[in-house]
Amino acid sequence: MKRYEIRLPYAFSERLAAAFPEMDAVQIAPSMTILVGNLRDQTQLHGLLARIADMGLEILEVRQDG
């Protein structure tokens with residue numbers, strides 16, 4: 001398991017948080033949310049990124065910790 005942070009240029013909303021139940025959604029600015037969580041492997045990461053793309057959301061940054 002590796003910890004990831006995915007930065008999105010959107011205000012936090014319950015809808016956004018509900019779309020990614022495997023991640024914690026944290027608002028860090030009025031129009032900035034980070035999805036934070038542990039993912040098993042690259043396959044799970046790519047699935048998450050594909051869901052974000054399918055929703056038409058922009059990704060500002062993806063970071064892996066550890």
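Numbers for residues simply follow the sequence, beginning at 1.
Contact check for Asp41 versus Gln44: side-chain heavy atoms found under the 4.5 Å cut-off.
Cluster annotation: Ile34 and Leu16 are assigned to distinct hydrophobic clusters (Ile/Leu/Val/Met/Phe/Trp/Tyr, side-chain heavy-atom contacts under 4.5 Å, transitive). Hydrophobic clustering (ILVMFWY, side-chain heavy atoms < 4.5 Å, transitive): Ile52 and Phe12 are in distinct clusters. Hydrophobic clustering (side-chain heavy atoms under 4.5 Å, transitive across Ile, Leu, Val, Met, Phe, Trp, Tyr) keeps Phe20 apart from Met32. In this structure, Val36 is a member of the same hydrophobic cluster as Ile28, with clusters built from ILVMFWY side-chain heavy atoms closer than 4.5 Å.
Closest non-hydrogen pair, Pro30 versus Ala11, comes out as O-CB, 3.1 Å.
Residues satisfying the side-chain hydrogen bond (donor to acceptor under 3.5 Å, both in side chains) test with Glu22, not counting sequence neighbours, are Arg51.
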Requested in this report: Output, in order, the C-alpha distance, side-chain angles, deciding distance and verdict of side-chain contact (heavy atoms from CB on, under 4.5 Å) for Arg40 and Met1.
Outcome: CA-CA 4 Å; Arg40 275 189 313 274; Met1 298 282 274; 3.7 Å; yes
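Of the inter-residue distances, the one linking Met23 atom CE with Leu35 atom CG reads 5.5 Å to the nearest 0.5 angstrom. Distance check, rounded to the nearest 0.5 Å: CG of Leu49 to CG of Leu39 gives 8.5 Å.
Pairs engaging residues 25-34 under the side-chain hydrogen bond (donor to acceptor under 3.5 Å, both in side chains) rule: none recorded [sequence neighbours left out].
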Determine all donor-acceptor pairs shorter than 3.5 Å in which one atom belongs to a side chain in residues 53-62; sequence neighbours excluded.
from, atom 1, to, atom 2, distance (Å)
Glu61, OE1, Arg7, NE, 3.3

